[in-house]
Structures are given as C-alpha cells and as structure tokens.
Amino acid sequence: MSKTTKTFRKFLLSYLVILLLPLITGIVSYQVSMDVAKKSSIESSMLILKKSKDILESRLLEVERFTKQLTLVDDFNQHLITGTEPNSINLYSLSETSRYISTYAHTNDFIEDFYIYLKNDQVILKDGYVFFRLDHFYDLYHYHDLSFDQWKKSLERNHQGEVIPVRQYTSDSKELSVVTYVQSLPLNSINEPLGTVVIIINQKKIGNLLEELSKQYGGWTFIADKEGNPLTMMGISEDSTKKVVKKLNEKSRSVNQENETILLSLHSDFNGWHYVAGIPKQALMEKAETIKQITFVVTCTTLMIGMLLCLFLAYRNSTPIHNLINVVKEQIGTDLSKHKNEYDFLHGNIATLIANNDTLKRELANQQELLKDSFVKSLLNGEFYSQKGIINKANQLNVSFRGKYGYVCVLKINGYGDLENKEIHNELSAARFIVKRKLAELETDMMMTDLGSDKIVAIFHFKKEENSRNVDEIKHILNLLIISSANLFRISISAFMGRQFHNYHEISQSYHEARLAADYNFSVSNKSKIHWYEDIIKETCVFYYPMNLELRLVNALKIGELCDVKQILNQVFQENFCERQLSPILAEQFLMEIKSTLIKTLHSTMYQNSNELRRLMNQVLQVQLKFGIQQVWKEFEFIATEYCAHVNKRKKEENHQHIKLIIEFLEANYGDPNLCLYRIAEEIGHPEKFVSQLFKEHVGEYVSDYIEKIRIHKASELLVSTEMTIEEIAMEVGYNSAHSFRRAFKRVLDMTPKGYRQAGKFNREEENNRSKNIP
C-alpha cells in the first residue's frame with residue numbers, strides 16, 4: 001500500500017478515538033440525568049417557595065407599616081381620644097380623615113379592602129366614607145361565620161398584628177375567600193384599645209404566588225399559619241393540610257419523601273407560617289425520561305454523523321499533505337525515501353523555504369532604504385506642499401528629525417573631474433559608500449543621498465536656532481570627515497553649505513544654495529575645505545529667484561496664506577537687494593519675473609472673470625522700477641494682500657454655504673438613527689474630515705454634539721407638549737433605545753426626561769393659575 005494510504009489510515013484512527021468520547025459522555029449523562037433532573041426540580045420548586053415567602057412577607061410588612069403610618073396622622077389620633085358626647089363628633093373632620101387615610105391602602109396590591117373602627121365615636125372609616133350605623137356597615141361587609149355581636153366584640157378586643165385564617169366574606173354583594181389582618185390602636189394599647197384597623201387580603205392573590213408550582217408539576221401547595229390553619233391552598237383539602245403540617249413538625253426537614261410525593265417546606269421566622277408544596281415523583285420521572293430519550297437520540301446521531309465526518313476529514317486532511325508532498329518533490333526534487341515519514345520530509349523542506357523567506361525580508365529592508373532615499377530627494381527638490389505632508393511621510397518611513405532648524409551640505413569627492421569609465425565609476429561608488437558610512441558614525445541621525453557620481457547631499461538638523469553653536473558643530477564634524485577620509489582612505493572632499501533653514505519647507509532652498517555654492521567654486525573645488533553660500537553671494541552677477549521658491553509663492557497665493565506670501569517676498573527682496581548688488585538690467589529682469597508670477601497666479605484662479613481680479617492684474621502691469629525698489633515692493637505686498645483677502649472671502653462664503661447646508665440637513669434628518677458624518681459628507685460632496693473640521697471651526701462644536709443637542713431639544717418639546725411615552729419620543733428623535741436617550745438627556749440638560757416632563761407640567765399649571773387670577 002502507498003504512503004498516502006497509510007496517512008489516510010492514521011488520520012481515520014485518530015478521529016475514531018476522538019469519536020469514542022460522545023459514547024462515554026452519553027453513558028455518563030444517562031446515569032446522572034435522573035439525579036440532576038430531580039435535584040434541579042427540587043431546587044426550582046424551593047426557589048419558587050422561597051420567592052413566594054419573601055414576597056408575601058414583604059407585603060405583610062407593608063401592611064404593618066400601613067397601620068403604623070395611621071398612628072402618625074394627627075387628625076386620626078385626635079379622633080381616637082375624643083369622647084362620646086354628640087358635640088364632640090366632628091363630622092367634617094371624620095370625613096376628611098377618611099378620605100386622607102384611604103390613599104395609604106392603594107400602595108399595596110394585596111389589600112382587597114380595609115376599614116377602621118373608632119370605639120369612642122362608634123363609627124367606621126372606609127374609603128372616604130364614614131359609617132355611623134355599624135349594623136348598616138355589617139350588612140354590606142361581614143364574615144359568614146360571625147354574627148353582628150360577635151363581629152363587634154371581636155373589634156373591641158386587643159389584636160396585635162393578628163392574622164385570621166381563610167374565611168368566607170361578603171364585600172358589597174361580592175363573595176370572597178379572605179385572610180384578615182387585625183391591629184388594635186394605639187399600637188401600645190393592651191387592655192383598652194381605642195380603635196381597630198381591619199385589613200382584608202384576597203386569598204386568590206396569595207394563591208397566585210404558588211400557582212406556578214401546581215401548573216409546572218401538577219402537584220399541590222398551601223400556606224398555613226403556625227397553628228396549622230390554612231391561609232391559602234391549591235390542589236389539597238383543609239384536613240390534609242393539617243396532617244401534612246403535623247408530619248413536617250415531626251420530621252423538621254425541608255425536603256421529605258412521602259409515598260409517591262416529595263414534600264417541600266419552608267418555615268418563616270417572621271410569623272411562623274408554613275409554606276409547603278407536594279411534587280409527584282412521576283412528574284420528575286417524565287423530565288428525566290425526556291433527558292434519557294434526548295441523550296440516546298443525540299448519541300446515536302453523533303455516532304452516525306461522526307463516522308461520516310471521520311471518513312471525510314481523514315480524506316480531506318490527507319489529500320492536501322499528499323498534494324503538498326508532490327509539489328515539494330516537483331519544485332525541490334528531494335527524494336521522499338530518504339526521510340522516515342511524510343512529516344519529516346515536509347519539515348526539512350519547509351525549513352529551507354523559511355530561510356529563503358528571511359532572505360526576501362532582508363531584500364525588502366533594502367527597498368525600505370531606497371524609499372527613504374527617495375523621500376530625501378523629494379524633500380531637497382521641494383516636492384512637498386505642506387509641513388504636515390513632510391511629517392506624515394517621515395513617520396511612515398521611520399525617518400526622524402532632530403529639529404526643524406539646520407543646514408544642507410553638498411560633499412564633493414575631488415580629483416576625478418569629468419573622467420568617466422567603469423573603473424572610475426566603481427571607485428567613486430566605493431568612495432561615496434566610505435564617506436557616507438564615516439559621516440553616519442560622526443552623526444547618527446544624518447539624512448543623506450547621492451547627487452551624481454561624485455557628490456553626496458547631507459542634511460544637518462538641530463532642535464534650536466543657535467547659529468554660532470550649530471555652525472561650530474557642523475565645522476567640527478566636516479573637519480573630522482575631511483581629515484579622516486584623507487588620512488585613512490586618501491579621499492579628498494570639499495563641502496559646500498547652504499544657508500540655515502527654519503522649517504522643513506526651506507530645506508529645498510538651502511539645498512539650492514549649496515548647489516549654487518558648489519557650481520560657483522568649481523575652479524577651487526579640488527581644495528579640501530568648507531565653502532559657505534553666504535561668503536559668495538555678493539560676488540555673483542545674477543539675481544536670486546529659484547523655481548522652488550516661485551512654486552511656493554504661487555501655492556501660498558492660491559490658498560490665501562498671506563503670512564507665507566509676505567515671508568517669501570521679504571526673503572527674495574533681502575536676497576536680491578540687500579545681500580547682492582544687482583545691475584539695473586538684472587533688477588528690471590528680476591522685476592519682470594515677479595510680475596510674471598503674479599500674473600500667472602491671477603490668471604489661473606477660478607475667479608478670474610471678477611472685476612476685482614481684473615483690477616489687480618492691471619495694477620501689477622503698472623508697477624515699474626522707476627518708482628523705486630521700496631515702493632515697488634510695497635505695491636507687490638499690497639497686491640498680494642488684496643488677492644489673499646479676495647481668496648479668503650470666497651473661501652469664507654463657500655464655507656458659510658456649506659455650514660448652512662449641513663445645518664439644514666441635520667434639522668431635516670435628526671430623527672434618522674443612522675444619521676452620521678459619512679451621510680453628511682455624502683450630502684454636501686466633501687470628505688468627512690473636511691466636514692468635521694469645517695463644522696468645528698465655524699460652529700464651535702463637533703457634528704455629533706450638535707446632532708445630540710437638536711435631538712434633545714426636540715425631545716424636550718415633545719415631553720411637555722404631548723403625552724407620548726419616553727420610548728416613543730426616543731424613537732421619534734433618532735435614538736435606538738430609551739436607555740441611550742435617557743443618558744443623552746441627562747448629559748445635555750442635567751436631568752431625566754421624567755423629571756423634565758414633571759417640571760414642565762408644573763410650570764404650565766402655575767401659568768394657568770396665574771392667568772386665572774388675573775382680573
């Protein structure tokens with residue numbers, strides 16, 4: 001059999017071993033399913049009992065607090081201590097007190113009915129009514145097993161939080177089974193109570209707490225007081241409840257097994273009540289039987305599907321290995337028989353591929369150096385239009401600047417002239433490599449690039465603008481470079497320095513000056529020394545107006561950057577008329593170049609048809625040297641100022657129009673939950689970043705904050721003027737959930753929507769009251 005067949009069998013055997021796990025799991029699951037089902041059912045039932053106990057006790061505590069609250073009402077206490085004389089009964093006060101205390105009962109949904117008996121006044125207060133005839137009240141509200149006299153005597157006895165078991169009760173022609181809570185007043189009365197509070201609790205409301213148990217398992221449940229009298233019961237008779245309570249008292253366990261029923265019980269430390277439930281074992285077995293059937297079906301299905309998956313996975317995973325081996329054999333030509341197995345064969349050859357990959361990574365690293373060299377060349381040639389663009393590109397290539405001040409130096413290897421052949425080319429390449437390596441040793445963060453075959457451009461950069469100190473450091477480095485190159489490698493070097501640059505844009509200018517210095521000193525370039533551009537500019541007979549400076553001037557004019565325009569014009573003026581002595585012909589020619597630049601800029605603008613720009617173009621044409629160079633330069637600065645103001649005015653108008661469109665769009669679409677910066681940018685036809693920065697600059701806040709304020713403002717109007725729910729208002733103003741709406745409302749207005757609505761309604765009521773009081 002082939003090696004591929006062995007691989008297939010190995011995979012298949014591994015998967016079959018794994019497949020045994022579901023079988024073992026199924027057997028164990030079946031063994032524990034009975035115990036787990038029984039335990040979970042008991043735990044859930046006990047949880048329901050405990051929950052019912054906690055709820056009922058909390059309601060009874062509320063009932064007890066209700067009676068205590070009555071004792072805090074001054075008018076009510078006054079009625080307790082009044083005499084029985086006719087003149088001492090204040091009918092109006094009794095009626096008002098009855099209405100006032102009736103509101104207390106509405107806080108507890110367990111209270112079906114309540115009334116208060118005042119012994120001295122021989123009256124009953126109930127739901128805003130005062131009953132002076134006790135027999136009339138008894139006809140409407142009475143227990144079936146108590147006569148009028150028995151009922152009245154029971155009211156005059158002392159009751160301290162007594163709970164009367166289930167009794168049949170008539171409440172205004174409605175037949176009920178009720179549990180009664182009775183409390184004598186005042187609370188500290190022992191022998192002679194002055195009043196009695198009677199609270200009627202519907203037995204069905206208590207029974208609803210236990211309804212889930214009987215529905216879930218078909219069992220029975222009840223609640224009994226500490227004497228064993230049933231308060232409520234479902235699925236069991238009253239006599240049976242007393243027997244069950246007696247058995248529970250004997251065994252004193254929360255879980256007992258009685259024939260075919262499991263008894264669950266809880267004893268309340270609060271009032272001594274018993275909470276009991278009976279669950280038939282058959283109901284528990286049905287749940288376990290279901291688990292057994294599911295386990296059997298799942299196990300069999302898993303085995304069948306698992307067998308198919310084992311065959312499929314064994315074939316699928318062995319086939320790629322076989323194909324990979326064939327590919328490796330074809331590409332590398334290694335014999336498989338020399339290895340123990342397929343894995344050793346692949347391991348050895350993949351190690352070779354990894355080694356080749358490392359070589360490729362090193363080549364990519366070399367490409368990174370080429371990209372850095374390209375960046376330096378672009379920087380020298382002034383191909384970047386903004387400081388930010390230079391910084392972003394430098395960060396992308398991991399190029400670091402020590403600072404924004406520095407000098408550009410052109411290093412020339414002397415002694416070769418215009419000689420060109422293969423040997424000289426190789427020798428110059430070696431010389432450039434040696435010089436750059438030595439310079440990198442002297443200055444670790446130096447940026448360098450080649451210029452032709454015999455020149456190197458280096459950029460010195462510093463953190464601070466300290467001319468003398470920086471110049472001394474450059475001289476020290478270059479002198480060490482020149483001396484070491486001459487002594488160690490017999491390489492003669494001349495250095496040509498441009499003037500100091502003050503930002504990254506001026507690097508190209510310093511480079512241009514260094515090249516001019518190198519071209520001017522060509523006749524003395526074989527001497528190993530440092531030449532400074534500042535030392536030779538007065539000896540030249542041409543004006544200074546390089547192309548990169550002209551491009552900077554044009555770009556600054558087009559975007560309306562007046563500060564940059566004035567800086568460039570001042571630099572050109574200082575260079576040509578303070579540092580140089582230009583002849584009248586050269587000065588006139590230089591003036592024509594400046595005028596040409598301004599005319600080209602004005603003519604290329606998109607607003608060239610405006611009267612303002614035509615006036616500026618005529619003004620440029622009228623500038624003449626005979627007015628004096630100072631006056632000419634003032635005219636140029638005035639024209640540039642007017643043009644930049646015109647450009648900025650147009651930009652401002654366009655920006656205001658954009659802001660207007662954005663605000664109109666937000667006002668119309670604030671209710672859209674998908675409203676975002678992308679949709680706004682798509683609407684006005686500009687990038688998202690432009691929209692965000694423009695809105696922040698002109699409005700003073702971010703778009704998202706403005707949208708939130710619009711939504712909260714609209715929501716506040718709806719809260720006061722409509723009866724819509726909080727959820728409906730949240731959806732109306734563009735929020736996906738009421739929770740996020742509430743958080744935003746609180747963040748903006750420092751109050752909740754509900755509080756804002758209540759405050760608004762209160763203010764409206766105050767205004768209405770004031771308007772009614774105006775004669």
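Because only heavy atoms are used, hydrogens play no part in the values below, and waters and symmetry mates are left out as well, while side chains stay in.
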**Study point:** Pair Tyr405-Lys463, side-chain contact (heavy atoms from CB on, under 4.5 Å): steps then yes or no
**Key:** CA-CA 6 Å; Tyr405 304 101; Lys463 291 183 179 179; over 6 Å; no
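- The main-chain N or O of Lys464 is found under 3.5 Å from a side-chain atom of Asn470 such that the two form a donor-acceptor pair.
- Shown here for Tyr735 and Ala744, the closest heavy-atom pair between the two residues is OH-CB, 3.4 Å.
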Exercise for review: Start with the C-alpha gap between Tyr407 and Phe501, add the side-chain angles, then the distance that decides, and say whether ring-ring contact (aromatic ring centres under 6.0 Å, His included) holds.
Suggested key: CA-CA 6 Å; Tyr407 296 82; Phe501 58 81; 7.3 Å; no
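- In this structure His461 satisfies the ring pair (Phe, Tyr, Trp, His ring centres under 6.0 Å) test together with Phe401, sequence neighbours excluded.
- For Glu642 and His646, the side-chain atoms include no donor-acceptor pair closer than 3.5 Å.
- Between Lys709 and Asp705 there is no salt bridge, since none of the side-chain N atoms of the basic residue sits less than 4.0 Å from a carboxylate O of the acidic one.
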**Study point:** Worked verdict on Thr752 versus Arg742 for side-chain contact (heavy atoms from CB on, under 4.5 Å)
**Key:** CA-CA 6 Å; Thr752 62; Arg742 288 189 178 94; over 6 Å; no
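- The aromatic rings of Phe745 and Tyr756 lie perpendicular to each other, with more than 60° between the two planes, well past the 30° mark.
- Between Phe741 and Pro753, the shortest heavy-atom distance links the atoms CE2-CG, 3.7 Å.
- A cation-pi arrangement is not found for Lys393 relative to Phe375, the charged atom failing to lie both closer than 6.0 Å to the ring centre and inside a 45° cone about the ring normal.
- For Phe462, the ring pair (Phe, Tyr, Trp, His ring centres under 6.0 Å) criterion is met by no residue, not counting sequence neighbours.
- Contact check for Leu694 versus His658: side-chain heavy atoms found under the 4.5 Å cut-off.
- Heavy-atom minimum distance, Ala715 versus Ile729: CB-CG2, 3.8 Å.
- Of the possible polar contacts, one joining the Arg711 side chain to the Tyr670 backbone as a donor-acceptor pair under 3.5 Å is found.
- Under a cut-off of 6.0 angstrom, the local environment of CZ in Arg469 is sparse, with at most 12 non-hydrogen atoms contributed by other residues, nucleotides or ligands.
- Considering NE2 of His656 and CG of Leu661, their distance stands at 13.0 Å, rounded to 0.5 Å.
- A salt bridge does not link Glu732 to Lys714: none of the charged side-chain nitrogens sits closer than 4.0 Å to a carboxylate oxygen.
- Taking both residues in full, the closest heavy atoms of Asp450 and Asp373 are given as N-OD1, 4.2 Å, listed atom of the first, atom of the second, then distance.
- Using a 4.5 Å cut-off on side-chain heavy atoms (C-beta onward), Leu569 and Glu637 make contact.
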Point to revise | Steps toward side-chain contact (heavy atoms from CB on, under 4.5 Å) verdict (Ser508, Leu379) | key: CA-CA 6 Å; Ser508 60; Leu379 191 61; over 6 Å; no
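- The shortest side-chain heavy-atom distance between Ile474 and Cys409 does not fall under the 4.5 Å cut-off.
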**Study point:** Worked check of side-chain contact (heavy atoms from CB on, under 4.5 Å) between Val572 and Trp633
**Key:** CA-CA 10 Å; Val572 172; Trp633 227 249; 4.2 Å; yes
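- More than 12 heavy atoms of other shown residues, nucleotides or ligands fall within 6.0 angstrom of atom NZ in Lys455.
- The number of heavy-atom neighbours closer than 6.0 Å to NZ of Lys696, taken from other residues, nucleotides and ligands shown, is above 12.
- With a 6.0 Å radius and a threshold of 12 heavy atoms from other residues, nucleotides or ligands, Met731 has its CE atom at or below the threshold.
- Judged by distance alone, the side chains of Thr449 and Lys377 do bring a donor and an acceptor atom under 3.5 Å apart.
- The ring of Phe695 has its center closer than 6.0 angstrom to the ring center of Tyr706.
- Annotation: the span from Leu675 atom CG to Ile680 atom CD1 amounts to 5.0 Å, rounded to 0.5 Å.
- For the atom pair Met446 CE and Ile459 CD1, the distance stands at 9.0 Å (nearest 0.5 Å).
- Tested against Tyr511 for a side chain to side chain donor-acceptor pair (under 3.5 Å), the candidates Gln509, Arg515, Glu513 yield a single pass: Arg515.
- When only modelled atom types and interatomic distance are considered, Glu506 and Gln567 share a side-chain donor-acceptor pair under 3.5 Å.
- In this structure, Leu591 and Phe636 have side chains that are in contact, with non-hydrogen atoms separated by less than 4.5 Å.
- With contacts defined as side-chain heavy-atom distances shorter than 4.5 Å, the pair Asp54/Lys51 does not qualify.
- You'll find the side chain of Lys566 stays beyond 4.5 Å of the side chain of Asn570, heavy atoms only.
- Under the 4.5 Å side-chain criterion, counting only non-hydrogen atoms from C-beta, Leu677 is in contact with Ser692.
- For the residue pair Ala730 and Ala738, the shortest heavy atom distance occurs at CB-CA, 4.1 Å.
- Within a 6.0 Å sphere centred on CE of Met724, other residues, nucleotides and ligands contribute more than 12 heavy atoms.
- With contacts defined as side-chain heavy-atom distances shorter than 4.5 Å, the pair Glu593/Thr597 does not qualify.
- In this structure, Ser596 contributes its side chain and Met592 its backbone to no donor-acceptor pair below 3.5 Å.
- A distance of 5.0 Å separates CD1 of Ile710 from CG of Leu666, quoted to the nearest 0.5 Å.
- At least one donor-acceptor pair closer than 3.5 Å links the side chain of Asp672 to the backbone N or O of Asn674.
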Practice item. Give the C-alpha distance, both sets of side-chain angles, the deciding distance and a yes or no for salt bridge (Lys or Arg N to Asp or Glu O under 4.0 Å) between Glu635 and Lys595. Key: CA-CA 11 Å; Glu635 286 290 331; Lys595 292 169 67 175; over 6 Å; no
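- Val399 and Lys372 make their closest contact through CG2-CG, 4.0 Å (heavy atoms, listed as atom of the first residue, atom of the second, distance).
- With rounding to the nearest 0.5 angstrom, the CD atom of Glu664 is 11.5 Å from the CD1 atom of Ile659.
- For the atom pair CD of Glu723 and CD of Glu728, the computed distance is 11.0 Å after rounding to the nearest 0.5 Å.
- The backbone N or O of Leu719 lies less than 3.5 Å from a partner atom in the side chain of Arg757, making a donor-acceptor pair.
- Checking each of Val733, Ile707, Leu749 against Ile712 for a side-chain contact (heavy atoms from CB on, under 4.5 Å) leaves exactly one that passes, namely Leu749.
- Judged purely by atom type and a 3.5 angstrom limit, Ser374 has no side-chain atom pairing as donor or acceptor with the backbone of Leu370.
- The main-chain N or O of Ser737 is found under 3.5 Å from a side-chain atom of Ser740 such that the two form a donor-acceptor pair.
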